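Reading through the structure tokens given below for one structure.
The shown structure was predicted, so the numbers you read here are calculated from the model rather than taken from an experiment. Both ligands and their constituent atoms are indexed starting at 1 by order of listing.
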Amino acid sequence: MKIHVLHCGYIRVSDTVPFGNGIDLKNTGKQMLTPDKERITLPVCVYLAEHPKGLLLFDTGWCRDISPDGVYDEKAVRRVLPGHLAAFYHPWLPAGLAVHEQLAAMGIRPQDLEYVILSHLDPDHVAGLRHLQGAKHILLPEDEYFWSCRTVYKARQPRNLWIDYPIERRFYRGSPLGPNRWAIDLFEDESVQLVNVPGHTDGQAAAILRNGKRFVLLAADAAFSPRNWQEGITPGFGFAKKWQQKSLAWIAEMAADPGCAAVLCSHDPEVPPQTIDL
Ligand SMILES: [Zn+2]
């Protein structure tokens, strides 16, 4: 199985987003108000897996509309995102890096995708959905969809970016995997498992892609960097610190497994675009 790591845009955020070690008003204030020059640049990773049962895309990155000329364009961002999220993300999408642009360069059309799998509903993960119409399945854990009713997620996850797309939902089931012991075994052969890693959101899924004894763990936003689990610093953006800690402890356990080929976090600047042979 080949796994392509794509950067489908970038964000400039407060360093409290990856390393704030607390979800509180102080961190939230910094995340909205830090001037651009004091922010850090993080990639927005999307993963394309060439699985024996078809092409699988994990998350979708930003949409072209936030960055029509490929540069940071605050007015364009505010046409896509409400003001508080525009202030949080400072996103941009260089020319050629939107998900459909990168797929086209690889000779792949949206209708060639067997599954588009959404880890969670934050806009940097779902905004690219508009470029993927025709994909055979769009999949989201039922828990992520259900809890989007919470006020906090209504503020974080603009519904117009995802509500009109034909998203299929699956329930997590009991599993030996994950801090919650909840996972979706996509093909019922353990080759692709979507594992509930709550904390950033309630329903967020990490993904384990497995070939025999070896596996790659796509951690989504359960961690922003290996520092989070190695040094015990929780991200300062999320929903529940205690669950973040449990999810990080599970990721640390997986990272220490001799079969682990890589743990990839969606916004880790140390993860460049690359292809992993699994
Ligand atoms: Zn994210």
Side-chain angles (χ1 to χ4, degrees), residues 5-20 23 27-28 30-32 34 39-47 57-63 66-67 72 77 80-82 84-93 97-99 116-129 140-141 144-145 147-148 152-159 161-162 194-207 217-229 233-241 243-244 247-248 251 263-271 273:
V5 180
L6 315 175
H7 283 183
C8 293
Y10 296 89
I11 53 180
R12 276 184 71 74
V13 293
S14 156
D15 62 2
T16 64
V17 171
F19 305 121
I23 302 159
N27 276 343
T28 305
K30 274 194 190 160
Q31 289 159 15
M32 302 293 171
T34 298
R39 294 180 174 221
I40 54 173
T41 297
L42 306 180
V44 176
C45 287
V46 168
Y47 310 96
L57 190 75
F58 295 84
D59 289 330
T60 70
W62 290 116
C63 55
I66 59 144
S67 199
Y72 177 49
V77 173
V80 178
L81 298 178
H84 64 286
L85 294 178
F88 177 90
Y89 284 108
H90 288 204
W92 81 101
L93 182 54
L97 294 197
V99 65
V116 174
I117 295 157
L118 303 173
S119 64
H120 64 299
L121 290 170
D122 282 349
D124 50 321
H125 299 259
V126 302
L129 268 179
L140 178 75
E144 181 68 11
Y145 195 97
W147 288 114
S148 68
V152 60
Y153 300 127
K154 281 188 181 148
R156 272 173 67 176
Q157 304 178 335
R159 292 174 89 80
L161 295 181
W162 49 271
L194 311 179
V195 181
N196 183 217
V197 281
H200 183 73
T201 67
D202 289 85
Q204 179 177 240
L217 170 57
L218 308 179
D221 290 3
F224 281 69
S225 149
R227 269 186 72 194
N228 292 125
W229 69 85
I233 307 169
T234 54
F237 178 52
F239 175 64
K241 181 169 175 169
W243 273 115
Q244 282 179 320
S247 292
L248 288 171
I251 291 169
V263 179
L264 305 175
C265 307
S266 293
H267 305 298
D268 182 356
E270 305 296 319
V271 175

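With sequence neighbours left out, Phe224 forms a ring-ring contact (aromatic ring centres under 6.0 Å, His included) with His267.
A donor-acceptor contact closer than 3.5 angstrom is absent between the side chains of Asp268 and Ser225.
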Decide yes or no on ring-ring contact (aromatic ring centres under 6.0 Å, His included) for Tyr153 and Phe239, but give the supporting numbers first.
CA-CA 9 Å; Tyr153 300 127; Phe239 175 64; 5.5 Å; yes
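Using cut-offs of 30° and 60° for the angle between ring planes, the Phe237 and His200 rings count as perpendicular.
Counting only protein atoms, the N, O or S atoms lying less than 2.8 Å from the Zn ion (ligand 1) are Asp124 OD2, His125 NE2, Asp221 OD2, His267 NE2, ordered by chain and residue number.
Not one N or O on the side chain of Gln157 forms a donor-acceptor pair closer than 3.5 Å with the backbone of Ser148. Without hydrogens or angle criteria, Asn27 side chain to Val17 main chain gives no donor-acceptor distance under 3.5 Å.
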